Amino acid sequence: MLTTLIALMGFAALMAQDLSKIKVLNDSTFQNNKTYQQGNKYQRDAMLFVDMLADTHPYYIQKERREALLAGQQRLLADCARCESDSVFVQLLIRTLGPLHDKHTDVVEPSKLAAQKRKQQRDAQAPKASGDEGMMAYKGDLFHYTIDAAHALCYLQFNQCMDARTARNEALPRWDKLLAEMFAKLKEQGIKTLVVDAQYNNGGSSRLCDELMAYLCPLDKLHNLTTYLRFSRLMAAYNPRVGVAKQAWEAKGHVDELYRMPAGKLPANFVQPEVFDGKVIFVQGKRTFSSAGILMTLARDNHIGIIVGTTSTYSPSHYGEVMPYRLPNTNILGSICSKYFVRPDRAHAEDKTLEPDVPIDLSDKQAAWEQILRIAKQ
């Protein structure tokens with residue numbers, strides 16, 4: 001199951017990239033390495049892969065973890081010596097990723113990535129859901145809301161963290177305009193409960209989550225995630241200035257230490273919206289991920305509303321800022337994270353899942369909706 005989830009999220013990260021601009025891992029430091037020079041193409045790329053992983057991913061900033069990764073390299077090389085296909089090689093690398101619990105870091109064959117892109121294009125052209133399967137059924141759009149006046153409740157289905165601005169596509173709706181319209185109607189009609197359903201939301205731009213949070217909590221009072229960056233050779237390949245920063249950071253003695261990014265500041269022209277004073281119910285499912293997972297984490301750690309649904313498939317503290325790469329000998333593509341986002345509740349920073357306040361089986365949409373209506377009345 002872990003391998004499947006990693007592959008799906010890795011596909012999503014890589015499909016967003018211009019493949020022609022992806023950096024190829026440099027093997028210049030291995031020119032005098034006999035094991036590298038005498039190895040087959042899989043062994044060579046396995047060595048480059050392990051070296052890149054140890055140097056790039058925030059998880060491996062700890063010396064003990066790097067040593068454990070390198071200790072497993074001999075087994076990987078032995079398996080690569082018997083490897084006869086790219087598909088098997090990819091599975092060997094995915095096995096190496098196991099301890100990360102990071103669905104953005106992945107490897108994939110170019111042919112499978114191309115097939116996934118074609119499928120995505122076909123799905124985009126397929127008819128959307130009819131919308132006649134109940135309130136919580138997936139409607140096939142980015143987001144929409146419905147006001148149920150009989151229950152003094154508003155249902156917001158938040159399916160993707162993307163809109164006209166983030167996708168640079170004027171044909172798409174504007175999230176900020178929808179929020180302004182929706183919250184104005186909630187005040188006008190005296191709606192006291194807001195259900196934010198993110199069970200289908202696998203992420204996108206966290207900007208949209210910030211805009212929703214502004215209506216649920218004053219942003220200057222919001223406890224946010226702390227961001228840490230790991231300088232690496234791969235990052236320097238994309239931005240040479242990072243290489244200079246890396247040398248300066250390590251020269252100060254921060255060899256095994258992540259760089260803490262400055263906290264973000266509200267824009268000078270930011271106007272705090274009126275905060276909704278009713279009950280908020282967040283819905284998370286097995287597909288809730290990335291920016292949508294951040295939304296749930298911030299809600300929990302800032303004590304905003306309650307979360308219902310299933311146990312998360314994401315970690316509340318997680319990795320992000322994805323960089324793509326290509327292995328030079330096999331042409332295998334990969335993605336890897338360079339930042340570590342730590343949840344505000346440091347006492348639970350190492351938790352691997354976010355548990356709902358109220359577990360709900362989301363497979364039966366009508367029964368789930370009836371349970372949410374009962375929670376709204378409490």
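Please read these numbers as outputs of a predicted model, since none were measured by experiment.
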Could you check if a side-chain atom of [X] sits within less than 4.5 angstrom of a side-chain atom of [Y], using non-hydrogen atoms only?
| X | Y | result |
| --- | --- | --- |
| Val107 | Phe89 | no |
| Leu186 | Ile147 | yes |
| Gln199 | Lys365 | yes |
| Val358 | Gln371 | yes |
| Leu178 | Pro173 | no |

Open item on the list: If the threshold is 4.0 Å, N to carboxylate O, is there a salt bridge linking Arg165 and Glu170?
Closed with: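 No, this pair does not count.
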
TODO: State plainly whether the residues Glu181 and Lys177 are in salt-bridge range, i.e. N to O under 4.0 Å.
DONE: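 Salt bridge flag = no for Lys177 with Glu181.
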
Task: Leu222 with Ile307, same ILVMFWY side-chain cluster at under 4.5 Å - done: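 Same cluster.
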
Task: Linked, directly or transitively: Leu208 and Leu266 (ILVMFWY side chains, under 4.5 Å) - done: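 Both belong to a single hydrophobic cluster.
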
Is the closest side-chain donor-acceptor distance between [X] and [Y] under 3.5 Å?
| X | Y | value |
| --- | --- | --- |
| His348 | Asp351 | no |
| Asn201 | Arg287 | no |
| Ser312 | Gln284 | no |
| Asp197 | Tyr155 | yes |
| Asn329 | Asp45 | yes |

- [ ] May I have the step-by-step check of side-chain hydrogen bond (donor to acceptor under 3.5 Å, both in side chains) for Thr226 and Arg343, ending in yes or no?
- [x] CA-CA 7 Å; Thr226 304; Arg343 67 184 297 183; over 6 Å; no

Rounded to the nearest 0.5 Å, what separation is found between the [atom1] atom of [X] and the [atom2] atom of [Y]?
| X | Y | atom1 | atom2 | value |
| --- | --- | --- | --- | --- |
| Leu153 | Leu194 | CG | CG | 8.0 Å |
| Ser338 | His104 | OG | NE2 | 11.0 Å |
| Leu225 | Asp301 | CG | CG | 7.5 Å |
| Gln73 | Cys80 | CD | SG | 9.5 Å |
| Tyr59 | Leu53 | OH | CG | 10.5 Å |
| Lys352 | Ser317 | NZ | OG | 9.0 Å |

Keeping [X] on the side-chain end and [Y] on the backbone end, is there a donor-acceptor pair under 3.5 Å?
| X | Y | result |
| --- | --- | --- |
| Lys279 | Gln378 | yes |
| Ser206 | Cys209 | no |
| Gln43 | Asn40 | yes |
| Asn302 | Ile304 | no |
| Arg44 | Gln37 | yes |
| Ser232 | Thr56 | no |
| Asp357 | Val308 | no |

TODO: Please find out if less than 6.0 Å separates the ring center of Tyr138 from that of Tyr200.
DONE: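 Between Tyr200 and Tyr138, which both carry aromatic rings, the centre distance is below 6.0 Å.
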
Open item on the list: Quick check: His101 with Tyr314 (ring centres under 6.0 Å apart)?
Closed with: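 Not under 6.0 Å, so no.
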
Open item on the list: Ignoring hydrogens, what is the shortest heavy-atom contact between Lys286 and Thr310? Give both atom names and the distance.
Closed with: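 The answer is N-OG1, 3.5 Å.
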
- [ ] Mind listing the closest non-hydrogen atom pair of Gln157 and Ala137 along with its distance?
- [x]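 Residues Gln157 and Ala137, closest heavy atoms: NE2-O, 3.0 Å.
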
Task: Member of Val255, Asp55, Leu258 meeting the side chain to side chain contact (heavy atoms under 4.5 Å, CB included) criterion with Ile61 - done: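 Of the listed options, the one satisfying the test is Leu258.
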
Which label fits [X] and [Y]: parallel for a plane angle under 30°, tilted from 30 to 60°, or perpendicular past 60°?
| X | Y | result |
| --- | --- | --- |
| His57 | Tyr319 | perpendicular |
| Trp249 | Tyr259 | perpendicular |
| Tyr36 | Phe30 | tilted |

Task: Ring-face cation of Arg65 near Tyr60 (centre distance under 6.0 Å, axis angle within 45°) - done: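 No, cation not above the ring by the 6.0 Å, 45° rule.
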
Open item on the list: Counting only heavy atoms from other residues, nucleotides and ligands, does the tally under 6.0 Å from CZ of Arg260 exceed 12?
Closed with: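 Incorrect, the count does not exceed 12.
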
